[in-house]
Amino acid sequence: MGDRRACRRRRGGAGAARRVVAGLVGVLAAGVLTAGCASSLSTAKTATNGAREVAAAAHDVITEVCVSAYKRAATPADVAAIDARCLPAERAYLSLRASWAASVATIHAVELGQAGDVDGTVRALGPTVAAVGAAVRRLEAP
Amino acid sequence: MTVAQILEMLRALDRAFGLAGDLVALAKQNHPELREDPLPALDEVDDARADALARTRGGK
């Protein structure tokens, strides 16, 4: 009973964070923490969809910020400075994209009756979502 | 019966009983549909970077 209440509290907190930090860190919390509360395919799908939402938002931010920055670059030093911010964000996005695809594949496998660690795969999304959130916040920082 | 077939049946029931999508919304809440449309690559960023590298090296 206490566990259930704790889960509800954590879900509520994640919703607030989602609004505050452009959905990035909030979806991480919702996905990973709710996966710990209930081991079901529905929860895994919700968390995987949340990770996809984060990735799609990150894609748009990275494209918007980095494309315009590279277009303004006038010297090799400018490009190097932009690389220092954009390349880590790009790597984080690609890593999340791969983790999301792995999670989708695992869910499919389990739905087809094959063995697969859905909870483990969904939890593995956590660090990649966090990395994308941090990279995007660094990109948006002045 | 697949999830897609079940959702199609619920859509038909929604229409038949004038429920304005309530049944489908309820079903999706309990059984979320996995979004599988692929996430795009960052081609635009890669192209912009390649262009910036070529441009700034040429300007030296």
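Protein chains get the first letters and strands the later ones, always in sequence-line order, with residue 1 at the start of each. As the structure is a prediction and not an experimental result, all values here were calculated from the model.
For the atom pair OG1 (B/Thr56) and CG (A/Asp78), the distance works out to 8.0 Å, reported to the nearest 0.5 Å. Separation of atoms CD (B/Glu44) and CD1 (A/Ile62) is listed at 12.5 Å; rounding is to 0.5 Å. In this structure, the separation between CZ on B/Arg35 and CH2 on A/Trp100 is 8.5 Å, given to the nearest 0.5 Å. If you take CG on B/Asp47 and OH on A/Tyr70, they are separated by 12.0 Å, rounding to the nearest 0.5 Å.
A heavy-atom distance below 4.5 Å is found between the side chains of A/Arg52 and B/Asp37.
Remark: the backbone N or O of B/Leu42 is not paired with any side-chain donor or acceptor of A/His59 at under 3.5 angstrom. Under a 3.5 Å cut-off, the side chain of A/Asn49 and the backbone N or O of B/Glu33 do form a donor-acceptor pair. Distance alone, capped at 3.5 Å, is enough to place a donor-acceptor pair between the B/Arg55 side chain and the A/Ala73 backbone.
The candidate from A/Asp83, A/Val65, A/Ile82 with the greatest count of non-hydrogen atom pairs under 4.5 Å with chain B is A/Asp83.
For A/Val79, the part sitting under 4.5 Å from any heavy atom of chain B is the side chain, from C-beta outward, and nothing else. Interface residue A/Thr63: backbone and side-chain heavy atoms are both found under 4.5 Å from chain B.
Heavy atoms of other residues, nucleotides or ligands lying less than 6.0 angstrom from CD of B/Glu36 number more than 12.
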